[in-house]
Amino acid sequence: MDFGIAGKWALVCGASRGLGLGCARALVREQVNLVIVARGADVLHAAATDLIAKYAQTTGVEVHPVVADITTETGRAAVFALRRDFDIVVTNAGGPPPGDFRDWDREAWIKAVDANMLTPIELIKATVDGMAARGFGRIVNITSSAVKAPIDILGLSNGARSGLTGFVAGASRSRIAGQGVTINNLLPGAFDTDRLKGVMQGAAKKSGQLIEAVIEARKKSIPAQRFGHPDEFGAICAFLCSQQAGYINGQNILADGGAYPGAF
Ligand code: NAD
């Protein structure tokens, strides 16, 4: 299927690895020009080189890496200095650490809210009116299945991302909805990324089990009996950015191999 977005410009945050990179790969395959952002220069430049070599060299599609912390004003300014008129924005940043809510002080909460709620809101604010004026826009926020089924040790994530979810539910239905702009949240369950490996390692250490045993037990708890691949996640993201997905707006799309047990 031709998604009808060749030649558009996308900003993909947290795109040097994992789910962000999966989204960048899927979009560049659709011949979308990319600005990709991450904090670590080496991994980001390696990702950009790989994307250009595999998908962009023959098509003339452009891929620009920007080394920046997207959760800071300076980081966002570095991105917008390059360009502001994005047609597609994929918001993403590292998730807050797990822990016990009794240990989190105001500073821990502000950091989580800054990264996982206020940063996507700032990115939406900076791009959405330009999209509406041009008559096309797609925003996809990478959030978490924890928004739908909160996990006790991920309280910072549950709280901050729920704030974003509430904001998106309203903003997506504002007047921009009639001007070709959609805003949706994409909720990952367990995807095979460095972040998930870190979480599994933490769980193994805490329980005294071998990491392999923890991984196998987690896979068995998912109806699909496996972790998702970042390219599967990227493909859903690219579809949400397509012309065909113009009537999907304000939704929370769960990709979790069936792990969420509810009917809705
Ligand atoms: P990852 O650690 O594998 O990759 C994160 C990417 O984001 C990297 O490229 C990193 O450099 C970049 N990044 C992190 N903080 C940044 C910042 N402040 N500014 C710019 N770039 C930044 O993580 P992932 O598994 O791809 O997860 C992406 C998001 O999805 C996270 O918020 C995570 O909490 C959430 N999530 C992931 C899973 C999963 O199973 N992988 C499940 C639920 C939620």
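Numbering of ligands and ligand atoms starts at 1, following listing order.
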Discussion item. By the definition side chain to side chain contact (heavy atoms under 4.5 Å, CB included), identify the one residue from V89, T91, V168, V140 that meets it with I183.
Written reply: V168
Quick test: of every protein heavy atom, which one is nearest to [atom], and how far off is it to 0.1 Å?
atom: atom 37 (C) of ligand 1; result: L19 CD1, 3.9 Å
atom: atom 19 (N) of ligand 1; result: I70 N, 3.0 Å
atom: atom 7 (O) of ligand 1; result: G14 CA, 3.1 Å
atom: atom 40 (O) of ligand 1; result: F191 N, 2.8 Å
atom: atom 38 (C) of ligand 1; result: G189 O, 3.6 Å
atom: atom 23 (O) of ligand 1; result: R195 CB, 3.3 Å
atom: atom 31 (C) of ligand 1; result: A93 O, 3.3 Å
atom: atom 9 (O) of ligand 1; result: S16 OG, 2.6 Å

Which atoms of ligand 1 have any heavy atom of [X] under 4.0 Å away?
X: G95; value: 31 (C), 32 (O), 34 (O)
X: D194; value: 3 (O)
X: A68; value: 19 (N), 20 (C)
X: A190; value: 40 (O)
X: G18; value: 3 (O), 26 (O)
X: I142; value: 30 (O)
X: D69; value: 17 (C), 18 (N), 19 (N)
X: N92; value: 28 (C), 29 (C)

Looking at [atom1] of [X] and [atom2] of [Y], how far apart are the two atoms once the value is rounded to the nearest 0.5 Å?
X: N116; Y: I121; atom1: CG; atom2: CD1; answer: 11.0 Å
X: D87; Y: I139; atom1: CG; atom2: CD1; answer: 11.0 Å
X: T143; Y: N185; atom1: OG1; atom2: CG; answer: 5.0 Å
X: N252; Y: S144; atom1: CG; atom2: OG; answer: 11.0 Å
X: S221; Y: E216; atom1: OG; atom2: CD; answer: 11.0 Å
X: L186; Y: N141; atom1: CG; atom2: CG; answer: 9.5 Å

Discussion item. Is atom 5 (C) of ligand 1 touching the protein, meaning some protein heavy atom lies under 4.0 Å away?
Written reply: no
Fill in: Residues, nucleotides or ligands: over 12 heavy atoms within 6.0 Å of K197 NZ
yes
Worksheet item: Would you say D103 has more than 12 foreign heavy atoms packed within less than 6.0 Å of its CG?
Response: yes
Any [X] heavy atom less than 4.0 Å to ligand 1:
X: M200; answer: no
X: G40; answer: no
X: C13; answer: no
X: T72; answer: no
X: G22; answer: no

Check: [X] N/O within less than 3.5 Å of ligand 1 N/O:
X: N116; value: no
X: T193; value: yes
X: R161; value: yes

Worksheet item: Which option, A115, S144, G94, owns the non-hydrogen atom nearest atom 15 (N) of ligand 1?
Response: G94
Worksheet item: Nearest heavy atom to atom 22 (C) of ligand 1: which of R218, R76, R39 does it belong to?
Response: R39
Worksheet item: Does a salt bridge link E73 with R76, judged by any charged N lying under 4.0 Å from a carboxylate O?
Response: no
Item to complete: Please lay out, stage by stage, how E62 and R83 fare under the test salt bridge (Lys or Arg N to Asp or Glu O under 4.0 Å).
Response: CA-CA 13 Å; E62 295 182 42; R83 74 179 297 130; over 6 Å; no
Worksheet item: Looking only at heavy atoms, is any part of K197 under 4.0 Å from ligand 1, and if so is it the side chain, the backbone, or both, or is it neither?
Response: neither
Discussion item. Assess the residue pair T127 and F80 against the criterion (side-chain contact (heavy atoms from CB on, under 4.5 Å)); give the C-alpha distance rounded to whole Å, side-chain angles, the decisive distance to 0.1 Å, and a yes or no.
Written reply: CA-CA 10 Å; T127 55; F80 293 128; 3.9 Å; yes
Worksheet item: Can you find a heavy atom in the side chain of R25 that is under 4.5 Å from one in the side chain of L51?
Response: yes
Discussion item. With a 4.5 Å cut-off on side-chain heavy atoms, are I70 and L123 touching?
Written reply: yes
Practice prompt. May I have the step-by-step check of side-chain contact (heavy atoms from CB on, under 4.5 Å) for F101 and D152, ending in yes or no?
Written response: CA-CA 9 Å; F101 71 86; D152 62 347; over 6 Å; no
Item to complete: Could you label the plane-to-plane angle of the F239 and F3 rings as parallel, tilted or perpendicular, counting under 30° as parallel and over 60° as perpendicular?
Response: perpendicular
